[in-house]
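Numbers here simply count residues along the sequence, with the first being 1. Since the structure is predicted, the reported quantities are computational estimates derived from the model, not experimental observations.
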Amino acid sequence: MSQLIQACNTILDQLSDAIKQLTDAQFLKPSKILSGSSVGQHLRHTLEFFVCLEQGHQQGVINYDKRAHDRLIETDREIALEVINRIRSFVNEQTSDVLLVLEVGYDLNSDENVSVNTNYFRELTYNIEHAVHHMAIMKIGIHEVAEQVKLSADFGVAASTLRYREETMAVER
């Protein structure tokens, strides 16, 4: 499972690096391309899924719909960095899998949830994929509001895509 932990740490490092390059104004600036959302809002959304996983790990039940929508994470870069560090510490401390229950609710006319059996490493995998997806969106917003920011080439790109690109380039040589 060290592969999952390493992947998560890489993502958190990339997010941290991007945030440190943004000014406060750029972090908060609504992006036209992102339908008026800011980079900070997308970051908050991404991080809160990890926070839900941490809370669910402690309680045995995860419900991503019950995110806090903490405006401080999306408006204060220092708080966002603290949350990233807390997530990193939590992920690095987990060495064994734990059975969990995932609660989901898709009926807009009901508060009733469906419970699905899952486990910690499955949910960590989901969080990694979810983060990569939102990092791809953040990259678009960052390029719009902060042209000076230098992101790594693999920021917001799935590992499978990176492998495919590498294989394709090797064949073309």
Side-chain angles (χ1 to χ4, degrees), residues 1-57 62 64-92 94 102 118 120-169:
M1 294 307 150
S2 63
Q3 190 178 138
L4 289 176
I5 294 168
Q6 181 57 46
C8 190
N9 280 318
T10 298
I11 287 167
L12 295 172
D13 289 344
Q14 289 176 339
L15 288 169
S16 187
D17 179 60
I19 293 166
K20 290 175 182 174
Q21 293 183 64
L22 293 168
T23 66
D24 291 339
Q26 292 166 335
F27 189 67
L28 297 169
K29 185 175 182 177
S31 164
K32 291 176 187 165
I33 294 172
L34 302 183
S35 301
S37 296
S38 69
V39 172
Q41 287 172 314
H42 276 276
L43 176 69
R44 188 253 325 136
H45 172 84
T46 303
L47 296 180
E48 283 191 333
F49 271 63
F50 284 102
V51 171
C52 285
L53 176 58
E54 179 181 5
Q55 292 167 344
H57 185 272
I62 303 168
Y64 297 113
D65 293 339
K66 293 184 178 175
R67 296 182 310 281
H69 297 89
D70 187 342
R71 289 202 25 86
L72 288 175
I73 297 171
E74 69 185 52
T75 59
D76 188 318
R77 291 181 312 125
E78 293 304 316
I79 289 177
L81 289 168
E82 288 173 15
V83 171
I84 288 172
N85 288 332
R86 191 181 85 221
I87 292 166
R88 181 183 287 110
S89 294
F90 167 73
V91 168
N92 288 331
Q94 306 317 306
L102 174 66
T118 188
Y120 170 73
F121 286 129
R122 167 64 187 93
E123 294 306 313
L124 180 60
T125 302
Y126 168 72
N127 273 261
I128 290 167
E129 297 298 325
H130 178 257
V132 170
H133 165 75
H134 275 277
M135 289 167 68
I137 295 169
M138 280 185 255
K139 183 191 299 188
I140 295 166
I142 288 170
H143 286 311
E144 178 189 349
V145 302
E147 294 177 15
Q148 88 288 353
V149 172
K150 304 290 185 230
L151 301 173
S152 65
D154 57 349
F155 187 99
V157 182
S160 61
T161 301
L162 294 170
R163 276 193 300 278
Y164 173 78
R165 288 177 182 170
E166 186 64 33
E167 291 167 7
T168 303
M169 289 174 53

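- Residue pairs satisfying the salt bridge (Lys or Arg N to Asp or Glu O under 4.0 Å) criterion with at least one member in residues 37-53, sequence neighbours excluded, are listed as follows: Arg44-Glu48, Arg44-Glu74.
- Ile33 CD1 to Ile137 CD1: the interatomic distance, rounded to the nearest 0.5 Å, is 12.5 Å.
- Shortest non-hydrogen contact noted between Gly156 and Ala136 is O-CB, 3.4 Å.
- Contact record, Ala18 with Leu151: CB-CD2, 3.7 Å, taken as the closest heavy-atom pair.
- The heavy-atom pair separating Ala153 from Lys139 by the smallest distance is O-NZ, 4.1 Å.
- For the side-chain contact (heavy atoms from CB on, under 4.5 Å) test, residues two or more places apart in sequence or in another chain that qualify with Lys20 are Ser16, Leu81.
- Separating the CG atom in Leu72 from the CD atom in Glu82 is a distance of 10.0 Å, to the nearest 0.5 Å.
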Verdict with reasoning, Lys66 to Gln55, per side-chain contact (heavy atoms from CB on, under 4.5 Å): CA-CA 11 Å; Lys66 293 184 178 175; Gln55 292 167 344; over 6 Å; no

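- Under the side-chain contact (heavy atoms from CB on, under 4.5 Å) criterion, Gln148 pairs with Gln26, Ala146, not counting sequence neighbours.
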Carefully, step by step, assess Leu43 and Phe27 under the rule side-chain contact (heavy atoms from CB on, under 4.5 Å). CA-CA 9 Å; Leu43 176 69; Phe27 189 67; 3.7 Å; yes

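- Not counting sequence neighbours, the partners of His57 by the ring-ring contact (aromatic ring centres under 6.0 Å, His included) test are Phe90, Tyr120.
- When all heavy atoms of Thr75 and Leu28 are compared, the pair lying nearest together is CA-CD2, 3.4 Å.
- Every residue two or more places apart in sequence or in another chain that forms a side chain to side chain donor-acceptor pair (under 3.5 Å) with Glu144 is listed here: Ser31.
- The stretch residues 146-161 participates, sequence neighbours left out, in no salt bridge (Lys or Arg N to Asp or Glu O under 4.0 Å) pair at all.
- Expressed to the nearest 0.5 Å, how far OG1 of Thr118 lies from CG of Leu53 amounts to 9.0 Å.
- Here the side chains of Ile142 and Gln21 are not in contact, with every heavy-atom distance at 4.5 Å or above.
- The CD1 atom of Ile62 lies 6.0 Å from the CG atom of Leu102; values are rounded to the nearest 0.5 Å.
- Between Leu4 and Thr125 the shortest heavy-atom distance is CD2-OG1, 3.4 Å.
- Every residue two or more places apart in sequence or in another chain that forms a side chain to side chain donor-acceptor pair (under 3.5 Å) with Arg67 is listed here: His69.
- Under the rule for a side-chain contact (heavy atoms from CB on, under 4.5 Å), the partners of Ser160 that lie at least two apart in sequence or sit in another chain are Ala158, Arg163.
- A distance of 10.5 Å separates CG of Leu124 from CD of Glu129, quoted to the nearest 0.5 Å.
- Put simply, the side chain of Gln94 never gets that close to the backbone of Val91: no donor and acceptor are under 3.5 Å apart.
- For Tyr126, the side-chain contact (heavy atoms from CB on, under 4.5 Å) partners two or more places apart in sequence, or in a different chain, are Phe49, Tyr64, Arg122, Glu123, His130.
- Minimum heavy-atom separation, Leu15 to Met135: CD2-CG, 3.6 Å.
- In this structure the side chain of Ile84 reaches within 4.5 angstrom of the side chain of Ile19, judged on heavy atoms.
- Listed by first and then second residue, the ring pair (Phe, Tyr, Trp, His ring centres under 6.0 Å) pairs that reach into residues 136-161 come to none, sequence neighbours excluded.
- Atom CG in Leu34 sits 4.5 Å away from atom NE2 in His42 (nearest 0.5 Å).
- Within the 4.5 Å cutoff, the side chain of Ile128 has heavy atoms near those of the Cys8 side chain.
- Under the side chain to side chain donor-acceptor pair (under 3.5 Å) criterion, Gln6 pairs with Thr10, not counting sequence neighbours.
- Every residue two or more places apart in sequence or in another chain that forms a salt bridge (Lys or Arg N to Asp or Glu O under 4.0 Å) with Asp13 is listed here: Arg88.
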